[in-house]
Amino acid sequence: MNKSGKTFRPKARVPKGLRDSSAGMVRAEARMIARIREVYERYGFDPLETSAFEYADALGKFLPDEDRPNEGVFAFQDDDEQWLALRYDLTAPLARYVAENYESLPKPFRRYQTGPVWRNEKPGPGRFRQFTQFDADTVAAPGVAADAEMCMMGADCLEALGIARGQYRIRVNNRKILDGLLETIGVEAGAVHGTVLRAIDKYDRLGRRGVELLLGAGRKDESGDFTRGAGLSDEQAAKVLDYVESGVEATQTNRTDVLEGWARVVGETVVGREGIAELAEMDALFTAAGYGTDRIEFNSWIVRGLGYYTGPVFESDLLLETKDEKGNPVRFGSVGSGGRYDGLVERFRGAKVPATGFSIGVSRLQAALELLGRLDVDDVTPPVVVLTLDANRMADYQAMVSELRQAGIRAEMYLGGSGMRAQMKYADRRGSPVTVIEGEDERAQGVVTLKDLILGAEMSKEIEDNAEWREGQPAQISIPRGELVAQVKAMLARHHPHQA
RNA sequence: GCAGCCAUAGCUCAGCUGGUUAGAGCGCUAGAUUGUGGAUCUAGAGGUCCCCCGUUCGAACCGGGGUGGCUGUACCA
């Protein structure tokens, strides 16, 4: 009671941008993770788990000038006033772990890790402040064979999750080629640099005209909001578009053609040639392993995070179009991404430690699979429910439910406080296949009644009259108490033959 | 962050140019049915009409501000 005499009642609500996952979603995610894990394990990666939060400076999100963590991370202060922050990805903790244990780790170090990450950003449909990622990284591997492996493994993962070949594409580019492009048009590192790259990144969504505007004066969107452009000259913008579209017509044919197109634009620069040579090497590995352009392509407008990646970058895109519940067309963004980052561990150790990795957005991919109807149906059989009709005979019911459990059958006795009708409704709502009924009548005869709820639901479709429905006692049989387990098994086998 | 739209029961929504006790469907709980799920019928529970200030005899409705949501856009390790 507070001063006004009213009892305080907190409002029961999940925080903004967070969500609860019910049984089906939890099981679906667990199955997805199991399938991805199989692929990662097969490629020779080992599991690692790190803590959910870290010192903010270790995550690289601490602002020394302002003496507090960056926007975008959830942070709080420890007893000693040091800032801690929830991890916003699994890569920064990996860098910390590698730096901390550098001497004792095999190099290259290959690990996979999954778990929730948190970002304090504006949530939206399908965009949460907590979501699950599943990463694999190879640390201390300088050659692009490590990057090529990531791309092929990404393709394998999507197929393991039931996305058919041709319905997705791993799209690969190289930051060195983009650097070569910027050098070619004479743009120095700086604000314009980023604006140009972000414009290229939007080619997929805005098309040629949109990118042209963003490279030049700027673009106004449907809501009237104006985005400032990079202010390139017409000649510069033409070169950029040449680069972007030199890949376009060749995308579906072969990777070598794309590289030739890019070489014509950026071949004058050292860094550009280096980038192309790296991709050529990766192409040879893809081809040797049998990964054609129906799985992995070279793509002009893949840019990824600025100031982070240093070499090959890649993302996995679903090519399927679909509709949401309201019938609006849905474009899935990238469901996985990665690339080479040679600078992350350097923050801790001074020396460069080359690394590359791939991260699957499990939550987003799960949402996509759900819309596509590819999410596995929940195949866990709901429990057999033993009705508790007589409060004085609970021990009898306990004995029955224990026998069923010892036989490997999911079973529970009704633990609520309501009568028989409510108990049947409970079993129905749980999706229970069978109820076990032992009331006074059964006990007097040494029998129990088994009711097949699945069969009963079928039969009920034919019946209009409730009295008839009840008197008929459809889909139930009376069996000797001693045959409980055997008869329940037989009844389950009719509906779940693979599990009985 | 910027722009546009929106906010009434758990959900989907109705509510006339401002008028007295704010409704429907679905869902939920229970009864009809002394021991049986569905269907049907009946009853019940459930609301600070997003919040605050103002206009008015009177506001779910009008005005201002705030908060929250949706859409687009920007950012995104």
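To find a chain, count down the sequence lines: A is the first, B the second, and so on, and within it residues start at 1. What you see is a predicted model, and the numbers here were worked out from it, not measured in a lab.
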Ring centroids of A:Tyr308 and B:rA77 base under 5.5 Å with planes under 30°: no

Sugar-phosphate, base or nothing in reach of A:Glu442, heavy atoms under 4.0 Å: base

A:Arg119 side chain near B:rC76 phosphate (N/O to OP1/OP2, under 4.0 Å): no

Side-chain N,O (A:Arg205) to OP1/OP2 (B:rA74) below 4.0 Å: yes

Selected nucleotide, minimal atom distance to A:Ile437 side chain, candidates B:rG35, B:rA77, B:rA30: B:rG35

Per A:Arg219 side chain, nearest of listed nucleotides B:rA30, B:rG37, B:rU73: B:rU73

Residues 347-355 of chain A side chain polar contacts: donor-acceptor under 3.5 Å, at least two apart:
unit_1   : atom_1 : unit_2   : atom_2 : d
A:Arg347 : NH2    : A:Ala58  : O      : 2.8
A:Lys352 : NZ     : A:Glu346 : OE1    : 3.4

N or O in side chain of A:Arg421 less than 4.0 angstrom from B:rA32 OP1/OP2: no

Identified side chain to side chain contact (heavy atoms under 4.5 Å, CB included) counterpart of A:Phe314 within the set A:Asn299, A:Thr356, A:Asn173: A:Thr356

Can you name the atoms? Protein N/O to nucleotides 26-28 of chain B N/O, anything below 3.5 Å, with the distance.
unit_1 : atom_1 : unit_2   : atom_2 : d
B:rC28 : OP1    : A:Arg429 : NH2    : 2.6

Residues forming a side-chain hydrogen bond (donor to acceptor under 3.5 Å, both in side chains) with A:Gln366, sequence neighbours excluded: none

Expected output: side-chain A:Glu442 to main-chain A:Gly439 donor-acceptor under 3.5 Å: yes

Under 4.0 angstrom between A:Lys451 side-chain N/O and B:rG35 OP1 or OP2: no

